[in-house]
Amino acid sequence: MLKLTPLPQRPVRKSLGDQVYETIRAGIVSLQLEPGTMIYENEVAELLQVSRTPVREAIRLLVSERLLDVLPQRGTRIAPISQRKVEEAKFIREHLELGAFRLVAKQWRDGDRTAAERAIMDLFDRQQEAAAAGDPALFLQLDEDFHRVVLEMTDNATLLQVINQMRAHLNRIRFLAMREYHYMEQTLEEHRGLLAAMQAGDEELTASRLKRHIGKLDRELPELRAKYPQYFVD
């Protein structure tokens, strides 16, 4: 039986279709929907208490992102984690973020960063709470929020769009690593170090710390694949 987080009952500023898409996508990233699980429009619509139309559209988008596979004569399943796709996404994201974080460090003192600093410190507080609660799904979401706040300081909408489109493949393995290795506290300290380097305007220190922050995956990926071979393909 599928497990999905219900849609929020309070009013939100997103369309129903966007909410369904993001709910299913979050379920895939957090492995709430495990790789290989079959998924059916009727069941998802019933779980989320919506019509089949937004579910059908969400599934179409997720198929285009290769997070869902259409199996002829069988239906739709959660796509296995593609090691090739993960490595491709990591390569692209690492290089894009290195450039972006260096730029933010270089320009940190050129403007008023009060609002960004306040947002980041709030995220750090919430990350600390998520770590204390042992909630890797929430922590990963807040991790992404930290990177997003920094990327927004580049004022480059295309950069944000490209990274957002590729992050789901990478985040499935990042969630698995966070759940397996329990290093949320360590990750938070790495975020604090990145902020300090940017505040100091030190491009090289920012870049080296970001490389270490992202580079853990090179060691973790083969270990996780060996432990969870049923999750992976290629």
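Every heavy atom of this structure was used, including side-chain atoms; hydrogens, water molecules and symmetry mates were not. Heads up: numbering here begins at 1 and tracks the sequence.
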(message) Ignoring hydrogens and geometry beyond distance, is a side-chain donor-acceptor pair present between Tyr231 and Glu34 at under 3.5 Å?
(response) yes
(request) For residues Met166 and Glu88, determine if any side-chain heavy atom of one lies less than 4.5 Å from a side-chain heavy atom of the other. (result) no
(message) Assigning hydrophobic clusters by single linkage (Ile, Leu, Val, Met, Phe, Trp, Tyr; side-chain heavy-atom cutoff under 4.5 Å), is Val44 placed with Val70?
(response) yes
(request) Give the C-alpha distance, both sets of side-chain angles, the deciding distance and a yes or no for side chain to side chain contact (heavy atoms under 4.5 Å, CB included) between Glu57 and Leu16. (result) CA-CA 11 Å; Glu57 178 61 18; Leu16 187 59; over 6 Å; no
(message) For Glu65, is there any backbone N or O sitting under 3.5 Å from a side-chain donor or acceptor partner on His169?
(response) yes
(request) Could you label the plane-to-plane angle of the His95 and Phe91 rings as parallel, tilted or perpendicular, counting under 30° as parallel and over 60° as perpendicular? (result) tilted
(message) Any heavy-atom pair between the side chains of Tyr228 and Ile81 that's under 4.5 Å?
(response) no
(request) Heavy atoms only: give me the nearest Val20-Ala58 pair and the separation to one decimal. (result) CG1-CB, 3.8 Å
(message) To the nearest 0.5 Å, what is the distance between CD on Gln128 and CG on Leu123?
(response) 13.0 Å
(message) How long is the straight-line distance from CG of Leu224 back to CG of Leu176, given to the nearest 0.5 Å?
(response) 4.5 Å
(request) Evaluate the side-chain proximity of Leu68 to Ile28: yes if any heavy-atom separation is below 4.5 Å, no if none is. (result) yes
(message) Between the side chains of Glu223 and Lys227, is the shortest nitrogen-to-carboxylate-oxygen separation below 4.0 Å, so that they form an ion pair?
(response) no
(request) For Ala177 and Glu220, work out which heavy atoms get closest and say how close. (result) CB-OE1, 3.4 Å
(request) Answer yes or no: is there a side-chain heavy-atom contact under 4.5 Å between Thr187 and His213? (result) yes
(message) Any non-hydrogen side-chain atom of Leu195 less than 4.5 Å from a side-chain atom of Met121?
(response) yes
(request) Could you check Leu151 against Asn156 for side chain to side chain contact (heavy atoms under 4.5 Å, CB included), going step by step and ending with a plain yes or no? (result) CA-CA 8 Å; Leu151 295 175; Asn156 188 327; over 6 Å; no
(request) Examine Val63 and Leu4 and state if one hydrophobic cluster contains both, with Ile, Leu, Val, Met, Phe, Trp and Tyr joined whenever side-chain heavy atoms are less than 4.5 Å apart. (result) yes
(message) Are there over 12 heavy-atom neighbours, none belonging to Arg56, within less than 6.0 Å of that residue's CZ?
(response) yes
(request) Under the side chain to side chain contact (heavy atoms under 4.5 Å, CB included) rule, what do Asn164 and Leu160 come out as? Steps first, then yes or no, please. (result) CA-CA 6 Å; Asn164 183 64; Leu160 281 163; over 6 Å; no
(message) Which heavy atom of Pro136 sits nearest to which heavy atom of Met184, and what is that distance?
(response) CA-SD, 3.8 Å
(request) Would you kindly check if the NZ (Lys) or CZ (Arg) of Lys216 is within the cone defined by 45 degrees around the ring axis of Tyr183 and under 6.0 Å from the six-membered ring centre? (result) yes
(request) State yes or no: do Leu33 and Met178 share one hydrophobic cluster built from I, L, V, M, F, W and Y residues joined by side-chain heavy-atom distances below 4.5 Å, directly or via other members? (result) no
(message) Whether Arg126 and Asp145 form a salt bridge (side-chain N of Lys/Arg under 4.0 Å from carboxylate O of Asp/Glu) is what I want to check.
(response) no
(message) So Arg174 and Arg167, do their side chains get closer than 4.5 Å, heavy atoms only?
(response) no
(request) Nearest 0.5 Å please: distance from the CG atom of Leu67 over to the CG atom of Leu61. (result) 10.5 Å
(message) Does either side chain, that of Gln199 or that of Glu117, offer a donor lying less than 3.5 Å from an acceptor on the other one?
(response) yes
(message) Please determine whether a side-chain nitrogen of the Lys or Arg among Glu189 and Arg212 lies less than 4.0 Å from a carboxylate oxygen of the Asp or Glu.
(response) no
(request) Please report the shortest heavy-atom distance between Glu97 and Ile163, naming the atom on each side. (result) CG-CD1, 3.8 Å
(request) Measure across Val50 and Val55 and return the closest heavy-atom pair with its distance rounded to 0.1 Å. (result) CG2-CG2, 3.7 Å
(message) Please say yes or no: joined through hydrophobic side-chain contacts below 4.5 Å, possibly via intermediate residues, are Ile120 and Leu140 part of one cluster?
(response) yes
(request) Working to the nearest 0.5 Å, report the span between CD of Glu41 and OG1 of Thr53. (result) 8.5 Å
(request) Indicate yes or no for a side-chain donor-acceptor contact from Arg172 to the backbone of Pro80 under 3.5 Å, with no hydrogens or angles considered. (result) yes
(message) For the residue pair Tyr181 / Gln186, report whether a side-chain donor-acceptor contact shorter than 3.5 Å exists.
(response) no
(request) Considering only NZ, NE, NH1 and NH2 on the basic side and carboxylate oxygens on the acidic side, decide whether Lys85 and Asp234 come within less than 4.0 Å. (result) no
(request) Nearest 0.5 Å please: distance from the NE2 atom of His191 over to the CD atom of Gln127. (result) 5.5 Å
Side chains of residues 100-109: which donor-acceptor partners sit under 3.5 Å, not counting sequence neighbours?
from	atom 1	to	atom 2	distance (Å)
Arg102	NH1	Glu204	OE2	3.4
Arg102	NH2	Glu204	OE2	2.6
Arg109	NH2	Ala200	O	3.3

(message) Working to the nearest 0.5 angstrom, can you tell me the gap between Leu221 CG and Glu87 CD?
(response) 5.5 Å
(request) Check Leu138 against Asp135 and note the closest heavy-atom contact, atom names and distance. (result) N-OD1, 3.1 Å
(request) Is it possible for you to say whether Phe232 and Val86 belong to one hydrophobic cluster, with membership spreading through side-chain heavy-atom contacts below 4.5 Å? (result) yes
(message) Run Val150 and Leu194 through side chain to side chain contact (heavy atoms under 4.5 Å, CB included) and show every step you take.
(response) CA-CA 10 Å; Val150 176; Leu194 281 165; over 6 Å; no
